[in-house]
There are 2 protein chains.
Amino acid sequence: MGRWEPDARGRLAKAALELYSERGFEQTTVVEIAKRAGLTERTFFRHYADKREVLFAGSSALQELFVRAVADAPESAAPIDALAAGLDAVSEMFADRREYARKRQAVIMANAELQERELIKLASMSAALADTLRRRGVAEPAASLTAEAGVAVFKVGFERWIVAAEERDMAHLMRDSLDELKAVTAGG
Amino acid sequence: MGRWEPDARGRLAKAALELYSERGFEQTTVVEIAKRAGLTERTFFRHYADKREVLFAGSSALQELFVRAVADAPESAAPIDALAAGLDAVSEMFADRREYARKRQAVIMANAELQERELIKLASMSAALADTLRRRGVAEPAASLTAEAGVAVFKVGFERWIVAAEERDMAHLMRDSLDELKAVTAGG
DNA sequence: CACCTGATGTCAGTCGCTGCCATCGCGTAG
DNA sequence: CTACGCGATGGCAGCGACTGACATCAGGTG
């Protein structure tokens, strides 16, 4: 075994999340992750660019989903409403992954390096959203600001969803957060 | 010499920025930085936690200035106006450091690891601002959203200032960006 | 002049990460 | 059925970031 067991990538991701949860990110070596997955350190780095990236395999799919929903919003929709459509789409995606999301988020919140990686993924999402808004005819700096605002709403909404009771729907928390942002920016 | 030359910290920071500019962040080793500063690698790590941190020595002062300005805004001011006061204060700080800011930003924009570090500094600023707003009586999630929005405006305004002609005043760009955000969030 | 203290130097060691080449298992042409 | 090709994996050497432990030095103090 080891060689030729299927889904080496998945086994590495699973082993990494387990070990990061059990003893922390810093206290885990890549050799240990690879060993638990029945592979070697060298193979780990063939599947993931670095020790952090193994926790962010799904982030590109999330970004694509978000961007597509914004791009597909009716042409008549205001930028902020196109964004709301994106937040809806994203919320669906997480609906049945709450436990996984919680476990993963706990690991990330416990380590600064992992937070850095999370932040740059969100920045990439913001850039992609801004690009999409520009294609919809939104000028700068409105496009970048709207995108940044959208990511801010996502961050706050996501965090509230993670700590919320099981029943709380992510889409509702996202909408509430967006409304709060509207209220506070209108307050001046 | 080497030992007992004054301002070892400053010499290290200067040498690092020079080398990162000349040949790039990745292509520069800590040994080289230390050597140019007339010191050793070990001493570098006594002054800076890691190879990236040497570019972010001033970020805590920036955060403190921003936070204090928000905290000192008139109690009657709406959260978004307290934020605007913070952006004003920050703009003053940068007024006579444009060349340095440009050089530094060019280095950061050329490397993903440095962007990660920059992002976590901004996230720290957002958290500190949210805390300050809470002390001013703003509830969650409005406090966090306002803080995130403030940092978004800072990011966009700063970027525009970096690329703008010499005459453009940073404070004006910040105000414009804030107004744009207000417009776009009111558009739904 | 002896002593103390903080900053620096020296050295060994761990770990993340990469390049290079060998090896393995499977599919496929012949 | 066999030989060959190919993608995935292993093994190994090496670099650079970073750390802990200990020695050393310059300057101030008694």
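Naming: A, B, ... by sequence-line order, numbering from 1 per chain. These numbers come from the heavy atoms of this one structure, side chains and all, not from hydrogens, waters or symmetry mates.
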Does a donor on one side chain and an acceptor on the other come within less than 3.5 Å for A:Glu148 and A:Ser144?
no
For atom OH of A:Tyr20 and atom P of C:dG16, their distance in whole Å
8 Å
Using the ring centroid of each side chain, check whether B:Phe158 and B:Phe94 are separated by less than 6.0 Å.
yes
Taking the basic N atoms (NZ, or NE/NH1/NH2) and the acidic carboxylate oxygens, is any pair closer than 4.0 Å for A:Lys103 and A:Glu22?
no
Does a distance-only test, which skips hydrogens and angles, find a donor-acceptor pair under 3.5 Å between the side chain of A:Arg52 and the base of C:dG16?
no
Whole Å only: how far is the CZ atom of A:Arg9 from the C1' atom of D:dG7?
16 Å
CZ of B:Arg11 versus P of C:dA7: gap in Å, rounded?
14 Å
Any idea which of D:dT9, C:dG16, C:dG9 is nearest the B:Leu39 side chain?
C:dG9
Please report, rounded to the nearest Å, how far the P atom of D:dC12 is from the CZ atom of A:Arg42.
14 Å
Nearest-angstrom distance from the residue atom CZ of B:Phe45 to C1' of C:dT8:
15 Å
Taking atom types as modelled and ignoring hydrogens, do the side chains of A:Glu159 and A:Gln105 form a donor-acceptor contact shorter than 3.5 angstrom?
no
Rounded to the Å, how far apart are B:Glu41 CD and C:dA12 C1'?
13 Å
